[in-house]
Every structure is written in structure tokens, then in C-alpha cells.
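Below is one structure, written out as C-alpha cells, with a few remarks after it.
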Amino acid sequence: MPSFDTVLEPNLVEVRNAVDQSSKEIGTRFDFKGSSARIELKDKDITLYADSDFQLSQVMDILTLKLTKRSVDARFLDSSAKIEKIGGDKVKQVLKVKEGIDSETAKKIQQLIKASKMKVQAAIQGDAVRVTGGKRDDLQAAMALIRKDVADVPLSFNNFRD
């Protein structure tokens, strides 16, 4: 039976390259001279450091610009973390790089496909959702439906089998 997997996988090499480019730009920009603004990447955590909230937002803008230029969707960053004060006026924020579909989004995709009355089935398999169906056209319609209705996460489709 034809099938495909719906996944949430960032290109971690491009994320690292974007962080490195952002770090270089922060080091050379005039408005960051003499400040403690910097970016660090450790596993799947990106830590932004700055002297003030405004400067932290500028560092975040530089990072999102570099990610976009390297074709990495900025929605891979989970920026819901609080801005922490780390002594004096200095602040930091830890951004997590999302990987794998969380259970809530997976259930949403599964219910969406069930409610559409298409001749396809969705099964949650760990951090991916496998969609199977009888015809290739049904699967392509399911992909279009998922892209349209689940727009808050940058989903991709792989492992297409015929």
C-alpha cells in the first residue's frame, strides 16, 4: 500500500551554519562593539546572550535572518522560553530546536485526516505520523490537507512508498 511519513526534521547542519554566521556578524557589527552579545549552540539548544532586552531581540532578528537565508524555517525554534537575567543588566534566552512531532500535533493530524473522510489512514509512530492509502492521488490530497490546516509547524513529508 502507498504510504508516506509526516515528520518535523530541521537540517541541523544548516542550523549550525546559521548560528556561526550570526556569531560572526555580531562580532563585526558596530552596535554590538564592547557588548557581551553572543550566540552559542549546544546540541539542540541555542543560547542568546545580550546586555539588554532590546539587544537580545536584535540578536534574535539576526539569527532568524540567517536561518531564513539558509532555507531553515524559523518555526523550528521554540522561542517560548523566558528571558532570564544573569547578573547586572545582562540577559539570556535559551531557544530549543524542535525535532519530531509532539503528541498533540500528531493527534491533531490524525483527527484531521479522519474527519476529512478520505480513503487514507493515519498512524502515530513515535515522533512521526505515517499516512497510508490505496491510491497515490489520495495521499497527495492528504498532504495538501495537512499543509493547509497544520500551518503552525514546518512539517515535511518523506519516505514516500508506492
Side-chain angles (χ1 to χ4, degrees), residues 1-26 38-50 56-84 91-162:
M1 287 202 35
S3 67
F4 68 87
D5 290 340
T6 306
V7 294
L8 184 66
E9 290 179 344
N11 187 343
L12 294 175
V13 173
E14 293 297 336
V15 170
R16 176 173 300 284
N17 290 339
V19 169
D20 290 345
Q21 283 182 341
S22 300
S23 189
K24 284 180 186 174
E25 183 173 329
I26 289 169
R38 66 183 194 278
I39 297 179
E40 291 178 357
L41 176 68
K42 193 179 226 181
D43 295 327
K44 292 181 185 127
D45 293 341
I46 300 172
T47 309
L48 311 176
Y49 295 94
L56 191 72
S57 68
Q58 285 182 316
V59 171
M60 181 67 177
D61 290 344
I62 292 170
L63 178 63
T64 53
L65 178 72
K66 297 298 180 186
L67 285 170
T68 305
K69 282 186 178 178
R70 301 204 67 86
S71 301
V72 177
D73 199 322
R75 295 178 293 176
F76 280 117
L77 297 180
D78 183 16
S79 59
S80 62
K82 298 262 192 250
I83 297 173
E84 305 171 26
V91 291
K92 80 172 186 176
Q93 184 177 19
V94 179
L95 307 173
K96 297 214 180 291
V97 179
K98 295 180 198 172
E99 188 171 26
I101 298 175
D102 60 341
S103 61
E104 199 173 296
T105 307
K107 287 177 186 174
K108 181 179 175 184
I109 292 170
Q110 193 175 29
Q111 291 171 350
L112 178 71
I113 289 176
K114 260 187 188 171
S116 71
K117 303 288 185 198
M118 294 176 151
K119 294 182 180 174
V120 294
Q121 293 82 34
I124 300 171
Q125 296 184 336
D127 57 355
V129 178
R130 174 155 295 162
V131 180
T132 57
K135 296 182 197 167
R136 173 182 252 166
D137 293 340
D138 293 339
L139 293 179
Q140 289 174 339
M143 282 182 190
L145 178 73
I146 292 170
R147 273 196 192 103
K148 186 181 77 146
D149 288 352
V150 186
D152 54 336
V153 288
L155 296 174
S156 58
F157 306 103
N158 66 10
N159 208 11
F160 196 92
R161 305 249 165 108
D162 211 2

A side-chain contact here means heavy atoms from C-beta on lying under 4.5 Å apart; do [X] and [Y] qualify?
{"X": "Leu12", "Y": "Lys44", "result": "yes"}
{"X": "Asp127", "Y": "Val7", "result": "no"}
{"X": "Asp45", "Y": "Asp43", "result": "no"}
{"X": "Leu145", "Y": "Leu112", "result": "yes"}
{"X": "Val129", "Y": "Leu155", "result": "no"}
{"X": "Met60", "Y": "Leu77", "result": "yes"}

Evaluation steps, side-chain contact (heavy atoms from CB on, under 4.5 Å), between Thr6 and Val150:
CA-CA 11 Å; Thr6 306; Val150 186; over 6 Å; no
Regarding Arg38 and Glu40, does a basic nitrogen lie under 4.0 Å from an acidic carboxylate oxygen?
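Salt bridge flag = yes for Glu40 with Arg38.
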Closer than 4.0 angstrom, basic N to acidic O: yes or no for Asp73 and Arg75?
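Salt bridge: yes.
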One pair to check against side-chain contact (heavy atoms from CB on, under 4.5 Å): Ile146 and Ile113. What are the steps and the verdict?
CA-CA 8 Å; Ile146 292 170; Ile113 289 176; 3.8 Å; yes
Which word best sums up how the rings of Phe4 and Phe160 line up, parallel for under 30°, tilted for 30 to 60°, or perpendicular for over 60°?
parallel
Gap between atom [atom2] of [Y] and atom [atom1] of [X] - 0.5 Å precision:
{"X": "Glu104", "Y": "Ile109", "atom1": "CD", "atom2": "CD1", "answer": "11.5 Å"}
{"X": "Ile62", "Y": "Leu67", "atom1": "CD1", "atom2": "CG", "answer": "12.0 Å"}
{"X": "Ser22", "Y": "Leu48", "atom1": "OG", "atom2": "CG", "answer": "9.0 Å"}
{"X": "Phe76", "Y": "Asn11", "atom1": "CZ", "atom2": "CG", "answer": "9.0 Å"}
{"X": "Gln58", "Y": "Leu63", "atom1": "CD", "atom2": "CG", "answer": "13.5 Å"}
{"X": "Arg147", "Y": "Ser156", "atom1": "CZ", "atom2": "OG", "answer": "9.0 Å"}

Closest non-hydrogen atom pair, [X] against [Y]:
{"X": "Leu139", "Y": "Gly133", "result": "CD2-N, 3.7 Å"}
{"X": "Ala141", "Y": "Met118", "result": "CB-CE, 3.3 Å"}
{"X": "Pro10", "Y": "Glu99", "result": "CD-CG, 3.9 Å"}
{"X": "Gln110", "Y": "Ala122", "result": "NE2-O, 3.0 Å"}
{"X": "Pro154", "Y": "Leu8", "result": "O-CD1, 3.4 Å"}
{"X": "Arg70", "Y": "Ala18", "result": "CD-N, 3.7 Å"}

Check for a donor-acceptor pair, side chain of Ser23 on one end and backbone N or O of Asp20 on the other, with a separation under 3.5 Å.
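No, Ser23 side chain to Asp20 backbone: no donor-acceptor pair under 3.5 Å.
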Name the one of Gln125, Arg130, Arg161 that satisfies side-chain hydrogen bond (donor to acceptor under 3.5 Å, both in side chains) with Asp5?
Arg130
Decide side-chain contact (heavy atoms from CB on, under 4.5 Å) for Asp152 and Lys108; before the verdict, give the C-alpha distance in whole Å, the side-chain angles of both, and the deciding distance to 0.1 Å.
CA-CA 12 Å; Asp152 54 336; Lys108 181 179 175 184; 4.3 Å; yes
Before giving the answer on side-chain contact (heavy atoms from CB on, under 4.5 Å), spell out for Lys92 and Thr47 the whole-Å C-alpha distance, their side-chain angles and the decisive distance to 0.1 Å.
CA-CA 7 Å; Lys92 80 172 186 176; Thr47 309; 4.2 Å; yes
